[in-house]
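Encoded as structure tokens, the structure appears first; notes follow it.
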Amino acid sequence: MAKILIIGAGGVGSVVAHKCAQAAKETGVFEWITLASRTLSRCTDVARSVKARTGVDIDTAQVDADNVPELCRLIRQVKPDLVCNLALPYQDLHIMDACLECGVHYLDTANYEPLDTAKFEYKWQWAYADRFREAGLTALLGSGFDPGVTNVFAAWALKHELDEVRVLDIIDCNAGDHGQPFATNFNPEINIREVTAPGRYWERGEWVETDPLAWSMNYDFPDGIGTKKCYLMYHEELESLVRNLKGIRRARFWMTFSDNYLNHLKVLGNVGMTRIDPVRFQGREIVPIQFLSALLPDPSSLGPLTRGKTCIGDLMRGVKDGKEKTVYVYNICDHEACYAEVGSQAISYTTGVPAMIGAKMIVEGKWREPGVWNMEQFDPDPFMADLNVYGLPWQCVEME
Ligand code: NDP
């Protein structure tokens, strides 16, 4: 029985609160849940929905997660065993500092990014490893779907299906439609920074860089989704997977985008609206991407509008018993089913469920080890079993 403090009451934080309440009710794993965010009213809205859907009461609080003393005051008052960070990547280091100061475990779903550079690197968070180890605390990084489940799929395949993973292609397909002219499925600022960054993949021991979204391929997705165009991007889980996956020679990440999404993004980029550096406007400084983000639909408002499915999985070619073997491990998730269950679309759902399971792994002691860890470094089996229990069932198929 553990107390958990969730920080961030956006699309993903809401799903985590609902799923923690569900798990608390079914297994008693979480004894008490507190949801804190910058805007208190968002927390109270989520708490009301959690109560209506699960019958579980959760506490709410207001906090600025960039203010470490304020965070520490809240942590000392709530006395959680674990802080689950579902705010934005900019807050990661502040929340890790507060966890160290107050002696609690830490979990997030996205690597730290400095505000003024769209850099996707674990170096800042890996640098905390000694301090977490010496404090006897666990920090689990990237416990969403990608990163997160995609790392665990690779670890599971390496444990059960392959002796070595030589070629890894992580393929993320959102075949859902929200009917809006242009919207992002998670925080617009973070999403656009990621998509407009140069592509990068791992090939024979080094990183190869491409222009943003310059490479594409068609992939035929299962379960009636069919063939979709996927674009090569850099994604943060590649950095830890090329370190931790035995035998890896090539690792790439692909994501589907509609022509409509890409056309909007191109125009916005051409006119400077995706810039992350400050510009002077009417006597003050504004950051164009932050202004754009304020104009775009709130991702949590897309829940009732989105129809269709997501399919995210790892296609892995390697060797088993000296013979070549290719496996595809994937999950299919339905936007409308997610909305019916927790009031959110599938992108928030597929991120929030693994965050809850990661928290459960830590508090149950299955993944509790002092230090800073990526998901593939722990035993994948209990996590994979819980994916089936908590709404993200997966399949493994052998491919030609
Ligand atoms: P949202 O923008 O919907 O929610 C972010 C929440 O964090 C908001 O409630 C916001 O408060 C709060 N917040 C922001 N800054 C602060 C602060 N300084 N102090 C306290 N609270 C703050 O984002 P999402 O829910 O879509 O995404 C959450 C995280 O999940 C992001 O880091 C994102 O990168 C990650 N993610 C990971 C994925 C994965 O598969 N690994 C996939 C999708 C997302 P306010 O309401 O006041 O704005």
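We count ligands from 1, going down the list as the structure has it; atoms in each ligand are counted the same way. Keep in mind that the numbers below use all heavy atoms, side chains included, and drop hydrogens, waters and symmetry copies. For this chain, numbers begin at 1 and follow the sequence in order.
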Close side-chain approach of Y201 to W254, heavy-atom, < 4.5 Å | no
For D45 and R48, what are the C-alpha separation, side-chain angles and deciding distance, and is it a salt bridge (charged side-chain N to carboxylate O under 4.0 Å, His left out)?
-> CA-CA 5 Å; D45 288 349; R48 211 171 300 121; 3.4 Å; yes
Judging by distance only, is a nitrogen or oxygen of F186 under 3.5 angstrom from one on ligand 1?
-> no
Number the atoms of ligand 1 from 1 as they appear, then name those within less than 4.0 Å of a heavy atom of P89, with their elements.
-> 32 (O)
Any heavy atom of G142 sitting closer than 4.0 Å to ligand 1?
-> no
Side chains of H335 and D177: is there a donor and an acceptor less than 3.5 Å apart?
-> no
Qualifying residue, where the test is ring-ring contact (aromatic ring centres under 6.0 Å, His included) with W394 and the options are W156, F383, Y328 = W156
Do the charged groups of D379 and K159 touch, with an N to O distance under 4.0 Å?
-> yes
Would you call S216 and K229 a side-chain contact if the rule is heavy atoms closer than 4.5 Å?
-> yes
Ligand-residue contact atoms, ligand 1 with I190, heavy atoms, under 4.0 Å = 34 (O)
Identify, by atom number and element, the atoms of ligand 1 in contact range of D66, meaning under 4.0 Å from any of its heavy atoms.
-> 18 (N)
Any idea which atoms of ligand 1 are less than 4.0 Å away from a heavy-atom of V63?
-> 19 (N), 20 (C)
Distance from atom 26 (O) of ligand 1 to nearest protein heavy atom, with residue and atom | N187 N, 3.1 Å
Would you say the side-chain atoms of H18 and E341 include a donor-acceptor pair closer than 3.5 Å?
-> no
Would one find an N or O of G10, backbone or side chain, under 3.5 Å from an N or O of ligand 1?
-> yes
For atom 28 (C) of ligand 1, the protein heavy atom that lies nearest, with its residue and separation | L86 O, 3.5 Å
Within the 4.0 Å heavy-atom cut-off, what A110 brings close to ligand 1 is side chain
Shortest heavy-atom approach to atom 11 (O) of ligand 1 - which of S14, A87, S300, S37 | S37
Could you see which bit of D64 sits under 4.0 Å from ligand 1, with heavy atoms only: side chain, backbone, both or neither?
-> both
Looking only at distance, does G8 have an N or O less than 3.5 Å from an N or O of ligand 1?
-> no
Do any N/O atoms on R42 end up under 3.5 angstrom from N/O atoms on ligand 1?
-> yes
Can E113 and R193 be counted as an ion pair, charged N to O under 4.0 angstrom?
-> yes
Do S37 and Q62 meet the criterion of a side-chain donor-acceptor pair at a distance under 3.5 Å?
-> no
What protein heavy atom is closest to atom 48 (O) of ligand 1, reported as residue, atom name and distance in Å?
-> R38 NH2, 2.7 Å
Which residue and heavy atom of the protein sit nearest atom 27 (O) of ligand 1, plus the separation = V12 CG2, 3.7 Å
Salt-bridge present (E161, K325; N to O < 4.0 Å) | yes
Protein heavy-atom partner closest to atom 36 (N) of ligand 1 - residue, atom, separation in Å = T109 OG1, 3.8 Å
Does a sphere of radius 6.0 Å around CZ in R368 hold more than 12 heavy atoms from other residues, nucleotides or ligands, not counting ones at 6.0 Å or beyond?
-> yes
So is P147 in contact with ligand 1, going by heavy-atom distances below 4.0 Å?
-> yes
Take every heavy atom of P299, measure it against each atom of ligand 1, and state whether any distance is under 4.0 Å.
-> no
Y261 and F182: ring pair (Phe, Tyr, Trp, His ring centres under 6.0 Å), yes or no, with the steps?
-> CA-CA 6 Å; Y261 177 94; F182 182 75; 5.2 Å; yes
Any luck finding a side-chain donor-acceptor pair between N374 and N244 under 3.5 Å?
-> no
Among all protein heavy atoms, pick out the one at the shortest distance from atom 3 (O) of ligand 1; state its residue, atom name and that distance to 0.1 Å.
-> G11 N, 3.1 Å
Of all protein heavy atoms, the one nearest atom 19 (N) of ligand 1 is A65 N, 2.8 Å
Between W32 (side chain) and I4 (backbone), is there a donor-acceptor pair under 3.5 Å?
-> no
Among all protein heavy atoms, pick out the one at the shortest distance from atom 47 (O) of ligand 1; state its residue, atom name and that distance to 0.1 Å.
-> T39 OG1, 2.4 Å
Under 4.0 Å between heavy atoms, the region of T351 that gets near ligand 1 turns out to be side chain
Looking only at N/O atoms, are L88 and ligand 1 under 3.5 Å apart anywhere?
-> no
